[in-house]
Amino acid sequence: MTRLLLLGAGGQVGREIAALAPGRVPGLVALDRAGLDITDAPALDAALAAHRPDVVINAAGYTAVDRAESEPEAAHLINAVAPGRIAAACARHGARLIHISTDYVFDGTKAGAYVEDDPVAPLGVYGISKEAGERAVRERLDAHLIVRTSWVYGIHGANFLKTMLRLARERDRLTVVADQKGCPTATVDVAEGLLAAAVALHEGRMAPGTYHLAGTGATSWYGFARAIIERAAAHTGRRPEIVPIATADYPTPARRPANSELSSEKLAQAIGFRAAPWEPRAAGVVDQILATSAT
Ligand SMILES: NC(=O)c1ccc[n+]([C@@H]2O[C@H](COP(=O)([O-])OP(=O)(O)OC[C@H]3O[C@@H](n4cnc5c(N)ncnc54)[C@H](OP(=O)(O)O)[C@@H]3O)[C@@H](O)[C@H]2O)c1
């Protein structure tokens, strides 16, 4: 029986893990930011002492990629310093740690899908802070999984899919970047994969280390937007024009990798988990959102 302590339970991934855990692991304690601030080292020790988890999942993070450029200290504290504190607390209390990281640790210059030991070279403050967090975890705790995911969307919280659904209601014409490629990943896949990994890690069926967990297949933001809006049109009848644009035509504070496709083969080989193909998964999430909204 695997006892789990989930940190960052209020985020889009955290909420999904908390929702799916009851059927998959018998014991879960889920703490959102109000329940536990991951930068608070004494509070981390107290939580581990109180709940005695076998595995801690850290789903908390500073995730505002563009805002991070003007708030580097906050990004560093939450994404780099705090994971080190969590790992150190896990080491003191004999717990294992699953820490979530990102495709944005890569610079996007590779032609194919990134594998786990490809060199990291983040382009912006967010990616730099997440990469530092990976190192902080590796330095302090052997019994860890660092699981990189990408382009995350789901029914909870704010994400690209929900932004596209809103813009499709509000506008007749959308412009979307077509020269950045990656793997859209549903929170339900992240949650199922991490819960399976938590049990496998606890039972000694999985080697510690770094893994990728991303939706199967890759596309551009433009391709992702088209799939979302096409599916939404089946519900709403609204089919705004979607115009592909270049990154250069959509300046943002943070630079992003042109290619951040992740190979999730190592995780599949380790525990047999594969995320769903991104397109039908995204369609299912659109259906779920529109079926329950007033749109
Ligand atoms: N979203 C993506 O596309 C994406 C892609 C690759 C990797 N990831 C990684 O996936 C993980 C989960 O991201 P997500 O998409 O679920 O992001 P999210 O929806 O922004 O959730 C992050 C959660 O962390 C909480 N948090 C921030 N600072 C905290 C602190 N000091 N103590 C406790 N909780 C704190 C936030 O609370 P508040 O809302 O109160 O700030 C929020 O609930 C992160 O590690 C992220 O880097 C995400």
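Order of appearance sets the numbers: ligands from 1, and atoms from 1 within every ligand.
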Side chain to side chain contact (heavy atoms under 4.5 Å, CB included) evaluation trace for Arg281 with Val188: CA-CA 9 Å; Arg281 179 63 95 200; Val188 67; 3.5 Å; yes

One pair per line, please: each N/O atom of ligand 1 matched with every protein N/O atom under 3.5 Å away, atom names first, then the distance to 0.1 Å.
{"from": "ligand 1", "atom 1": "1 (N)", "to": "Gln12", "atom 2": "NE2", "distance (Å)": "3.4"}
{"from": "ligand 1", "atom 1": "3 (O)", "to": "Val152", "atom 2": "N", "distance (Å)": "2.9"}
{"from": "ligand 1", "atom 1": "15 (O)", "to": "Gln12", "atom 2": "NE2", "distance (Å)": "3.0"}
{"from": "ligand 1", "atom 1": "16 (O)", "to": "Gln12", "atom 2": "N", "distance (Å)": "3.2"}
{"from": "ligand 1", "atom 1": "16 (O)", "to": "Val13", "atom 2": "N", "distance (Å)": "2.9"}
{"from": "ligand 1", "atom 1": "19 (O)", "to": "Gln12", "atom 2": "N", "distance (Å)": "2.9"}
{"from": "ligand 1", "atom 1": "20 (O)", "to": "Thr63", "atom 2": "OG1", "distance (Å)": "2.6"}
{"from": "ligand 1", "atom 1": "24 (O)", "to": "Gly61", "atom 2": "N", "distance (Å)": "3.2"}
{"from": "ligand 1", "atom 1": "28 (N)", "to": "Arg33", "atom 2": "NH1", "distance (Å)": "3.0"}
{"from": "ligand 1", "atom 1": "31 (N)", "to": "Asp37", "atom 2": "OD1", "distance (Å)": "2.9"}
{"from": "ligand 1", "atom 1": "32 (N)", "to": "Ile38", "atom 2": "N", "distance (Å)": "2.9"}
{"from": "ligand 1", "atom 1": "41 (O)", "to": "Arg33", "atom 2": "NH1", "distance (Å)": "2.6"}
{"from": "ligand 1", "atom 1": "43 (O)", "to": "Gly11", "atom 2": "N", "distance (Å)": "3.1"}
{"from": "ligand 1", "atom 1": "45 (O)", "to": "Ile100", "atom 2": "O", "distance (Å)": "3.3"}
{"from": "ligand 1", "atom 1": "45 (O)", "to": "Lys130", "atom 2": "NZ", "distance (Å)": "2.7"}
{"from": "ligand 1", "atom 1": "47 (O)", "to": "Tyr126", "atom 2": "OH", "distance (Å)": "2.7"}
{"from": "ligand 1", "atom 1": "47 (O)", "to": "Lys130", "atom 2": "NZ", "distance (Å)": "2.9"}

Partners passing ring-ring contact (aromatic ring centres under 6.0 Å, His included) against Trp151 (at least two apart in sequence or in another chain): Trp221

Presence of salt bridge, Lys266 and Glu116, under 4.0 angstrom: no

Member of Asp179, Asp103, Asp66 meeting the salt bridge (charged side-chain N to carboxylate O under 4.0 Å, His left out) criterion with Arg256: Asp66

Any donor-acceptor N or O pair under 3.5 Å, side chains Gln269, Glu265: yes

Candidate pair Tyr153 and Phe160, rule ring-ring contact (aromatic ring centres under 6.0 Å, His included), full reasoning: CA-CA 7 Å; Tyr153 67 92; Phe160 179 84; 9.1 Å; no

